[in-house]
Enquirer: 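What follows is a single structure, and I will ask about it in a moment.
So you know, we letter chains A, B, ... as the sequences are listed, proteins then strands, and number each from 1. No hydrogens, no waters, no symmetry mates; every other heavy atom, side chains included, goes into these values.
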There are 2 protein chains.
Amino acid sequence: MAKVLPAAPFEGANENLAATTAPQDVSREDAATFDVLRKMREDILCCVLKPDQKLKFGELRQRYDTSVGTLREALSHLVSEGLARTESGRGFQVSPISLADFLDLSELRVYLETKTLADAIRHGTDAWEAEIVSSYFLLSKLAAPRQDDPLSVKQEWGKRHKRYHDALVATCRSPWSLHYRSELFDQARRYHWLTMIHSRLHRRNEHIEIRDAVLARDSDRACSLLEQHIRTTVEQAVTDVPGLMRGNARVLKPGTRRKS
Amino acid sequence: MAKVLPAAPFEGANENLAATTAPQDVSREDAATFDVLRKMREDILCCVLKPDQKLKFGELRQRYDTSVGTLREALSHLVSEGLARTESGRGFQVSPISLADFLDLSELRVYLETKTLADAIRHGTDAWEAEIVSSYFLLSKLAAPRQDDPLSVKQEWGKRHKRYHDALVATCRSPWSLHYRSELFDQARRYHWLTMIHSRLHRRNEHIEIRDAVLARDSDRACSLLEQHIRTTVEQAVTDVPGLMRGNARVLKPGTRRKS
DNA sequence: CAGTTCAATATTTTCGAAAGTTTCGAAAAT
DNA sequence: ATTTTCGAAACTTTCGAAAATATTGAACTG
């Protein structure tokens, strides 16, 4: 599989809002503690760390080769992103998933994705268009993964998929909307992962339709396509992910035992 | 000043969505580390820790009487809430404020506050109404503070103000919307604080108007009033907070020096 | 005098050990 | 047979010391 440059936001993506107050995107930090955070987040999003799973310091220390203090900091971060929970004295666990949650976050996503996309189109630049073309190209080189593809292919697809969707809205001028959009996109990735694992449904190429509408600066059509894109994914998950509707979805192997 | 019971959400506020995935509200946790977090957050919101101020471990350790590890965890949390920033190797600082930021977050607040309020009205219960009446009563006992009121009065008013606005939307069924609404409300509190310190403008009693519209289940009127409430606050800040428009607002005393 | 270098100082980051809780299961009591 | 009590084991939380990194300022150079 061809290597891809790290998703570096193109120059001037947000130059007129350089010093903003909205929460920091941690993905550019290079300290060890952020490294652990990034790895753990990816593991949760890809259900390597499964929903409801207890996160014990002993195990995590081995897995990520770091100290409790560093781990604690990373876990704390994940809690505020909503990917983990904690009860004082009882440690941490991966956040549960549920149909209600997926519906709720998807509804908010529809609003934030369309709002940021409309604004991005309004303020689009040549560099923005270029990154959309480029990130779409990279995404299209990888067919949407099926359940029997190896983990690494699925993960690479996930990265490119995110990079493409980030590119679409990159010139939006509202840092707060962008921040929450990004957080919710990650949340949705957990459910997408489950869908990817279970579904055999073939979807038409929605990404290229969105791309073309965006490049044509047809805001209404682009937003409407993006909204459908999100809603279709929800429906697909409802239909294909076993247990999600009954509230006891399991990931790969039977998850950790739950109380009564 | 009369003491007030801690703002305990009334029973059954969210009973049908007990186990949700949305980020945890940390205000109910009782561990030492959350104590520090709560105190630091309050200090930032009330500009005791001023925008752009460098947060040194030495000083913080004294002020909050705790260890570096615990501090680090709290600071890390504040970063993901957007109240602090960090650059690896260079420690932490309080997030800057700016007019652009206030405008941006207020715009998103209008959407989230009205959306959550409409849903809360739709699903309101007797207990919800009771908490609105009660929290409004407590708020009305304290006149909106002026610049020469002591810090403790301003802080108590801030608490009651938040409790009242939380009560309004408590029965909203969307945990994610509620979570982001709450985060943005806190963000806005920093600007409200600055306004409170500088403004002499007398505002009509908007809170009682909102309360009555909500209790009458007049969703349209309530949302419209709430929207005005937010917008008026922005205008007041723009007019009365010196330096906010020029991008160099200072808090009380000249802030810490900035580079070039 | 402006710009560099380098050592001294200040500050942040990482770590593992000590203290404090919770959980689990065996033994005692009902 | 079920519940309660108690103590050992597992785990979490807190802490401050050690390592790593950034900043400051004095001495030096062009």
Side-chain angles (χ1 to χ4, degrees), chain A residues 24-41 43-44 49-50 52-80 83-95 255-260, chain B residues 24-41 43-44 49-50 52-80 83-95 255-260:
Chain A
Q24 269 181 304
D25 179 9
V26 132
S27 59
R28 283 179 225 168
E29 293 285 338
D30 56 341
T33 179
F34 292 113
D35 231 46
V36 175
L37 173 58
R38 263 194 299 274
K39 281 183 198 153
M40 280 188 59
R41 176 160 43 205
D43 285 344
I44 292 177
L49 300 173
K50 307 186 191 89
D52 293 307
Q53 181 178 335
K54 180 115 213 292
L55 296 166
K56 294 185 203 173
F57 284 90
E59 292 171 16
L60 296 179
R61 225 159 89 66
Q62 278 196 300
R63 174 183 258 273
Y64 301 104
D65 187 35
T66 186
S67 70
V68 277
T70 305
L71 270 175
R72 204 149 219 294
E73 202 180 318
L75 283 165
S76 173
H77 228 292
L78 289 170
V79 168
S80 35
L83 291 170
R85 356 208 66 212
T86 176
E87 214 172 329
S88 92
R90 256 158 244 194
F92 296 78
Q93 69 183 95
V94 179
S95 284
T256 45
R257 209 171 300 136
R258 275 187 235 182
K259 283 176 191 171
S260 59
Chain B
Q24 268 181 304
D25 180 10
V26 130
S27 60
R28 283 181 225 167
E29 292 286 337
D30 55 341
T33 180
F34 291 113
D35 232 46
V36 175
L37 172 59
R38 263 193 300 272
K39 280 182 197 153
M40 280 188 58
R41 178 162 37 207
D43 285 343
I44 291 178
L49 301 172
K50 307 188 191 87
D52 293 307
Q53 181 179 336
K54 180 118 216 294
L55 296 166
K56 294 187 202 172
F57 284 90
E59 294 170 16
L60 296 178
R61 219 160 147 271
Q62 276 196 301
R63 176 183 257 272
Y64 301 105
D65 187 36
T66 186
S67 70
V68 278
T70 305
L71 269 175
R72 204 148 218 296
E73 202 181 319
L75 283 166
S76 174
H77 229 292
L78 288 170
V79 168
S80 36
L83 291 171
R85 355 209 68 214
T86 176
E87 213 173 329
S88 91
R90 255 157 244 195
F92 296 79
Q93 69 182 102
V94 179
S95 284
T256 45
R257 211 171 299 138
R258 274 188 236 181
K259 283 179 189 171
S260 61

Enquirer: Give me the atom names and distance for the closest heavy-atom approach of A/S67 to A/R61.
Expert: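 Distance-wise, the nearest heavy atoms are CA-NH1, 3.9 Å.
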Enquirer: Between the protein and nucleotides 8-11 of chain D, which nitrogen or oxygen pairs are less than 3.5 angstrom apart?
Expert:
unit_1: D/dC11; atom_1: OP1; unit_2: A/K56; atom_2: NZ; d: 3.2

Enquirer: Just how far, in rounded Å, is P of D/dA22 from CD of B/Q93?
Expert: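 For the pair B/Q93 CD and D/dA22 P, the rounded distance is 16 Å.
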Enquirer: Establish, with yes or no, whether the OP1 or OP2 oxygen of D/dT23 is under 4.0 angstrom from a side-chain nitrogen or oxygen of B/R90.
Expert: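 Checking B/R90 against D/dT23: at least one side-chain N or O falls below 4.0 Å of OP1 or OP2.
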Enquirer: Restricting to non-hydrogen atoms, name the atom on B/S80 and the atom on A/S80 that form the minimum distance, rounded to 0.1 Å.
Expert: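 Nearest pair, atom of B/S80 first, then A/S80: OG-OG, 2.8 Å.
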Enquirer: Looking at every heavy atom in both A/M40 and A/L71, which two are closest together, and how far apart are they?
Expert: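 Distance-wise, the nearest heavy atoms are SD-CD2, 4.0 Å.
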Enquirer: If you look at every heavy atom in B/T70 and B/T33, which pair is closest and at what distance?
Expert: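 Shortest heavy-atom contact: CG2-CA, 3.7 Å.
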Enquirer: How many whole angstroms separate atom CZ of A/F92 from atom C1' of C/dT22?
Expert: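 Checked: the CZ to C1' distance equals 15 Å.
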Enquirer: What salt bridge (charged side-chain N to carboxylate O under 4.0 Å, His left out) pairs are there with at least one residue in residues 64-75 of chain A, not counting sequence neighbours?
Expert: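 Only A/R72-B/E73, A/E73-B/R72 qualify under salt bridge (charged side-chain N to carboxylate O under 4.0 Å, His left out).
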Enquirer: Whole angstrom is fine here: how far is it from CG in A/L75 over to C1' in D/dT14?
Expert: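 Computing the A/L75:CG to D/dT14:C1' distance gives 16 Å.
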Enquirer: Taking atom CZ of B/R63 and atom CG of B/D43, what is their separation to the nearest 0.5 Å?
Expert: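 Taking CZ in B/R63 and CG in B/D43, the distance rounds to 4.5 Å.
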Enquirer: Check the pair A/L60, A/L75 against side-chain contact (heavy atoms from CB on, under 4.5 Å), reporting the backbone distance first and the verdict last.
Expert: CA-CA 10 Å; A/L60 296 179; A/L75 283 165; 4.1 Å; yes
Enquirer: Among all residues two or more places apart in sequence or in another chain, which pass the salt bridge (charged side-chain N to carboxylate O under 4.0 Å, His left out) test with A/E87?
Expert: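 With neighbours one apart ignored, the set is A/R90.
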Enquirer: I'd like to check the side-chain hydrogen bond (donor to acceptor under 3.5 Å, both in side chains) partners of A/T86; sequence neighbours left out, ordered by chain and number.
Expert: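 Counting only residues at least two positions away or on another chain, A/T86 forms no side-chain hydrogen bond (donor to acceptor under 3.5 Å, both in side chains).
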Enquirer: Please check the phosphate of D/dG16 (OP1 and OP2 only) for any side-chain N or O of B/R61 closer than 4.0 Å.
Expert: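 For D/dG16, OP1 or OP2 has a side-chain N or O of B/R61 closer than 4.0 Å.
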Enquirer: How long is the gap from NZ on B/K56 to CD on B/Q62, to the nearest 0.5 Å?
Expert: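 That separation rounds to 12.5 Å.
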Enquirer: So which heavy atom on B/Q93 is nearest to which on B/L55, and how close?
Expert: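 Heavy-atom minimum between the residues: C-CD1, 3.8 Å.
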Enquirer: Would you kindly give the CG-to-P distance between B/L60 and C/dT13, to the nearest whole Å?
Expert: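 That distance rounds to 12 Å.
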Enquirer: For a stem of at least 3 consecutive Watson-Crick or G-U pairs with distances under 3.5 Å, i pairing with j, i+1 with j-1 and so on, which stems involve DNA chain C?
Expert: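 Stems (3+ consecutive pairs) listed as C:1-30 with D:1-30.
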Enquirer: Using heavy atoms and a sub-4.0 Å distance, could you list which residues of residues 64-73 of chain B are near DNA chain D? By number, please.
Expert: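 Those residues whose heavy atoms fall under 4.0 Å from DNA chain D, taken from residues 64-73 of chain B in numerical order, are B/T66, B/S67, B/V68, B/T70.
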